Number of protein chains: 4
Amino acid sequence: MTTQTLNAAILGASGYTGAETIRLLAHHANVRVGAITANAQAGRSLGDLFPHLHPFADRTLVKAEDVNWDGVDVAFGCLPHGASEELLGELPSHVTVIDLSADFRFRDPTAYATVYGRSHLHPEKTRNAVYGLTEFARAELAKKPDIIACPGCYPTATLLAIKPLVEAGVVSPRDIIVDAKSGVSGAGRGLKEGNLFCETAEGLHAYSVGNHRHAPEIEQELSHASGAPVLVNFTPHLVPMTRGELVTCHVKLANGATVDDVRATLEQRYADEAFVKLASKGASPDTRWVRGSNLCILAVFPDRIPGRVIVVGVIDNLVKGSGGQAIQNMNVAFGLPESQGLTMEPLFP
Amino acid sequence: MTTQTLNAAILGASGYTGAETIRLLAHHANVRVGAITANAQAGRSLGDLFPHLHPFADRTLVKAEDVNWDGVDVAFGCLPHGASEELLGELPSHVTVIDLSADFRFRDPTAYATVYGRSHLHPEKTRNAVYGLTEFARAELAKKPDIIACPGCYPTATLLAIKPLVEAGVVSPRDIIVDAKSGVSGAGRGLKEGNLFCETAEGLHAYSVGNHRHAPEIEQELSHASGAPVLVNFTPHLVPMTRGELVTCHVKLANGATVDDVRATLEQRYADEAFVKLASKGASPDTRWVRGSNLCILAVFPDRIPGRVIVVGVIDNLVKGSGGQAIQNMNVAFGLPESQGLTMEPLFP
Amino acid sequence: MTTQTLNAAILGASGYTGAETIRLLAHHANVRVGAITANAQAGRSLGDLFPHLHPFADRTLVKAEDVNWDGVDVAFGCLPHGASEELLGELPSHVTVIDLSADFRFRDPTAYATVYGRSHLHPEKTRNAVYGLTEFARAELAKKPDIIACPGCYPTATLLAIKPLVEAGVVSPRDIIVDAKSGVSGAGRGLKEGNLFCETAEGLHAYSVGNHRHAPEIEQELSHASGAPVLVNFTPHLVPMTRGELVTCHVKLANGATVDDVRATLEQRYADEAFVKLASKGASPDTRWVRGSNLCILAVFPDRIPGRVIVVGVIDNLVKGSGGQAIQNMNVAFGLPESQGLTMEPLFP
Amino acid sequence: MTTQTLNAAILGASGYTGAETIRLLAHHANVRVGAITANAQAGRSLGDLFPHLHPFADRTLVKAEDVNWDGVDVAFGCLPHGASEELLGELPSHVTVIDLSADFRFRDPTAYATVYGRSHLHPEKTRNAVYGLTEFARAELAKKPDIIACPGCYPTATLLAIKPLVEAGVVSPRDIIVDAKSGVSGAGRGLKEGNLFCETAEGLHAYSVGNHRHAPEIEQELSHASGAPVLVNFTPHLVPMTRGELVTCHVKLANGATVDDVRATLEQRYADEAFVKLASKGASPDTRWVRGSNLCILAVFPDRIPGRVIVVGVIDNLVKGSGGQAIQNMNVAFGLPESQGLTMEPLFP
């Protein structure tokens, strides 16, 4: 099975998510990158948009409508939400869709409509899509579903940090406070004043306080884990760095659990995982420890306030939070070794 | 009174705090910068250490023991804790001491000993020092106390954000979670690996989780405000920027108060303040809005979790969080206009 | 004369140049900021665009056509080239125009047309405008000309570094190589992919190699200084920092001059200048030494290649390279103290 | 031959050079990382010093004197100069030494003594060492010399840009001006004030103007290429970024050559190279195009001054400028595929 070569299409390659997926697939032993689309840039070469992608520099970008889907095994959807479901919902059934947008993350199409302000075009497909937080979805992924919805970057880090704790009942599903920090690449390559160097360097602010779209996504998964509706505080901040995401989860211990129990729960849950690790006791994870890699590093700290605990998690938002996890999901869905193409070490300094 | 000229000594001018105090005093109409000390650098010129301080470039640094205290009105203590109390506790009584270190911030010398790991050398002096969070200490400052202890940078931002709320009873003194973010200048000019560019740029981590020394200082003041012992979660993060500090305070509403009540409480409390402002409703304060200035900007946001509220505050850690507040305290103590020397606009971009 | 209050209009306040001019004028004892225009943003408050300009936050932006010019003494043109000459060429004659764009920098309208690709609308006005490199233009500025054309940021640093040397004949006007480096604010607030944080941080490139528009401007002034046509190599690089500009001028000694002669020439030329300084011998000027200030710091180094010398200059591109020099020119033109409003120290760290 | 597994020792793994060599070797199919030394840190785990090196986190650092050299095939010297020759000059003869320090870069021990201020301990060895600019040294490398001296980072970029031009006679060996820019990692992990974040971020300066140690190294190689002594201007600048190096070479055309000839010379010279590429005509290479990779990208631009040309080159100083080129040299010396372990794409954004 490991000698197969998958033909992969990249849909929406003009943004950072698409470029990162291509960068990672360049090293994948079982994938050939086929069609690369970017509707607004069709006809240009990929090297014009992303000179760092040297082996693909001469590839011509095409329109999605011009892709010949015969022989395509897997399509990575790197489009904005909305555009994503429009295209991906209509692909031929032999193509496995791995969507990096938000469009198929909600099992309930009504929830999607509320959060994203548009009725879902393919409600049945979102109901049946698999939420691809790999470490929690292997059984479903192995069935090679039609659509795999990759989690948002913040939900990935947050859920890896606290979903096992809510499942195990060692922390309370109430008053979960997720204070999150992200580098600027999370905002994409769009031309917005807030993404300019001069508006981003040497400063810091919170954004979307109380109404970020990743909060309902986190809540969906934690509600599922706890068996009852969960609301979370989710407060993201924009940090003057390109890559990296850190979540600081301030939670309450439950059912008599101690801080050590919390740590033990995570250690046990991730003992056999290749990409989720606990930092040495007392060490505070830094986003530099994961930059460019598919790793998530977690740590547990006692709070000064008795009965509380702090769980910190770091990922590279463009790898484990985006293109890397997408490939990890593909590996599981196609029966390939799960780490295939994802073994690069972090780039430091 | 405004025509007086104070003779100010700067003690410990080899670090960023001392340099910033000098930078600010260069514009002060009522101050002449006299002796400038830096024991390990005595004999060198200030321009060698800080070429940006052009008007003082030729000043020779002297040892503290060589200062002639005759005629000195005010001494700014910019030394590390420990060194600070050793020197400042022994100054002639005609010198008003404005200490920027941690040494005189605790009214209870035992608390100091616990937090800083050394018995206080001058317990009476710390008991009688005024905790110089200017907006809350004017009456005491106006008596020109022997020692004014300037608050730490984090306590300054945190207390300006939530002390009025605890005092007014609109938020609960329990489960206060202060998730803080600071630029690297807060760590000083010391040669530590963690302060190197390559270890700080393009990344982020939490530090001193659960045991940062500013937590007990915040607790001292909030306990005083609430009338009962308060414990706070205080979780600082090191952000790849030079200046700026942002605190995200996750708190619970109390006594039936609403988010609007919280906002109204702050608006009322700071209506007449020159340096503490509320952002326009919905706007999220950025540290760039205050860089280089003595301002603190606050904002209030509803939490997704009912019964909770988020209060954000930003300051420049080296100005309102250090040298600027020190000068503001001097102005009050000596009966000068409180904004004297502190009216510069933030530097943006 | 120093007790006059000038009524200043700011034309084009939605960019960094306009904002910086306002920031600086906020401290100016002889100026009242009157009309503030931004055609595309008319009706919005300045605080919406630039929250750091606290004292002006409530000012409403107006269209240039709606300004009442009665009583306006001076207009700062902070518009893009082209838009600038369209507006400024038509202002009432009682208004002194200080233009920060490129539109009136060329004495020869044909040169302007060649470089900027458009015929000059007001050829007589550009012929008569004063090129406001203050230290070299005081006599003309003192006549209060109709239009003062402020030099570009790169020409400011370059000409301060080498114009006196060409004038004195100690360096050759041939094979002048200016290798320049600028922070990102020099590119303005426009929404261009190249100005995004992720495209600018953690990297470096040269741009407009061999054809930057500031080269002919430098050449105009050096040709004038040398009495014969001069061509210069001008190679700018975009550096991941917000403010600051550094020029490294690689030039040949002439007429038997030595490196010491070069240094002496600059020392003598700028001995009485408030804003142009030489670094201590051997010290290498850093843009941090001038950030936020109107200073230019120069240094002279021997080259390894005999007969050559290296002259380095640093400025803050938004102050001495833009708004600060504009105000300095206004001060001279109106007979005010030249340093009025410009005495702030650099912000470091 | 490609199925061999080399046993590699890393000497001096507490700095960035050593860590980067280990990071790259982690992906090398023919190398097993054996002993890892760091004398001052012996007994600590590598994960303590470099948490990003996850697969090696548990490796214990040892003293160089405790290494068992039996079975060691290759030793990477990642020590400071001086310490390097002391250790590497004494290794058993079966160990191929690949030195990343400056100690064996000079064929003439006297030149070394002049530049580095110490007599060479092993003058015969430095005379016989191979200067490992891989693309110019394959024949010598293939003989598996005792010592391979990897070029400095600046000489690597500079020589790749202009050595073929001097060899071909299309540019003059006189008045070569190399204006260089480097990220901070080039300065190493040492605790120096100049390497602190607050002293490096948001600013720029030139350093070692006229006397940087890489100038004589460049001169040695260009003198060899031209057949006569060459002196170069070499002016490095410290840029606020971690990785990346850019050289802007300002040179004169010779022997009637044109700018197109210069470009053609480079294209021809590097047509078959895996790691040295020319940018598309008109494109300006950015260090982001090579970050984390072993690539060097070059570009050629006409100067405004007739008879001159500008050649720009970019590398990642820690890869092609250090650990990557070292591994490339090992590959050639041991008959492995030259790109083995070095095919990773640049990390962007």
Side-chain angles (χ1 to χ4, degrees), chain A residues 174-177 179 181-183 196-212 215-216 219 231-235 237-246 248 250 252 282-291 299 301-308 310 312 314 348-349, chain B residues 174-177 179 181-183 196-212 215-216 219 231-235 237-246 248 250 252 282-291 299 301-308 310 312 314 348-349:
Chain A
R174 296 178 60 87
D175 279 337
I176 291 176
I177 291 161
D179 196 286
K181 298 91 182 169
S182 176
L196 296 178
F197 183 88
C198 294
E199 310 282 328
T200 315
E202 273 292 311
L204 181 77
H205 67 278
Y207 65 98
S208 302
V209 183
N211 58 22
H212 193 280
E219 290 165 353
L231 281 181
V232 299
N233 163 313
F234 180 73
T235 311
H237 300 75
L238 192 68
V239 174
M241 60 188 189
T242 297
R243 285 175 183 246
E245 208 161 88
L246 183 148
T248 313
H250 303 279
K252 290 194 250 185
S284 187
D286 193 300
T287 60
R288 287 168 202 85
W289 299 4
V290 300
R291 184 170 51 209
F301 298 94
D303 197 332
R304 288 174 68 81
I305 306 178
R308 302 191 61 93
I310 302 164
V312 172
V314 295
F348 173 84
Chain B
R174 297 178 58 87
D175 279 335
I176 291 176
I177 291 161
D179 195 288
K181 297 91 183 169
S182 175
L196 296 179
F197 184 88
C198 294
E199 311 282 327
T200 315
E202 274 293 310
L204 181 76
H205 66 279
Y207 64 98
S208 303
V209 183
N211 57 22
H212 193 279
E219 289 167 352
L231 281 181
V232 299
N233 163 315
F234 179 73
T235 312
H237 301 74
L238 191 69
V239 174
M241 60 187 190
T242 297
R243 284 175 183 248
E245 208 162 87
L246 183 147
T248 312
H250 304 279
K252 289 195 252 185
S284 186
D286 193 300
T287 59
R288 289 169 200 82
W289 299 4
V290 300
R291 183 170 51 211
F301 299 93
D303 198 331
R304 286 175 68 80
I305 305 177
R308 302 192 61 94
I310 302 163
V312 172
V314 294
F348 173 85

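Model, not experiment: these values are computed from the prediction.
The residue among T248(A), V312(A), V314(A) with the most heavy atom pairs within less than 4.5 Å of chain B is T248(A). By number of non-hydrogen pairs under 4.5 angstrom with chain B, the leading residue of R291(A), R304(A), E219(A) is R304(A). In terms of heavy-atom pairs under 4.5 Å with chain A, the best-connected choice from P349(B), G183(B), G210(B) is G210(B). Top candidate by heavy-atom pairs under 4.5 Å with chain B, chosen from V290(A), D175(A), D179(A), is D179(A). Among K181(B), R174(B), R243(B), the residue with the largest count of heavy-atom pairs under 4.5 Å with chain A is K181(B).
A pairwise comparison of heavy atoms in I305(A) and I176(B) identifies CD1-O, 3.7 Å as the closest pair. Taking all atoms of both residues into account, the shortest heavy-atom contact from A283(A) to F301(A) is O-CZ, 3.5 Å. Contact between L231(A) and P306(B) at its shortest, heavy atoms only, is CD1-CD, 3.7 Å. Contact record, A206(B) with T235(B): CB-CG2, 4.5 Å, taken as the closest heavy-atom pair.
Within the 4.5 angstrom heavy-atom criterion, only backbone atoms of V232(A) (N, CA, C, O) approach chain B. For a residue to count as touching a neighbouring chain, one of its non-hydrogen atoms must lie under 4.5 Å from one of that chain's; by this rule P285(A) touches chain B with the backbone only. Contact of F348(A) with chain B is made through the side chain alone, with heavy-atom distances under 4.5 Å. Only the backbone of A201(A) comes within less than 4.5 Å of a heavy atom of chain B; no side-chain atom from C-beta onward does. For L204(A), the parts sitting under 4.5 Å from any heavy atom of chain B are the backbone and the side chain alike. Looking at L238(A), neither its backbone nor its side chain comes within 4.5 Å of chain B, counting heavy atoms on both sides. Of the atoms belonging to N233(A), heavy atoms from both backbone and side chain fall under 4.5 Å from chain B. With a 4.5 Å cut-off on non-hydrogen atoms, R308(A) touches chain B through its side chain but not through its backbone.
Below 30°, between 30° and 60°, or above 60°: for Y207(A) and H212(A) the angle between ring planes is above 60°, a perpendicular geometry.
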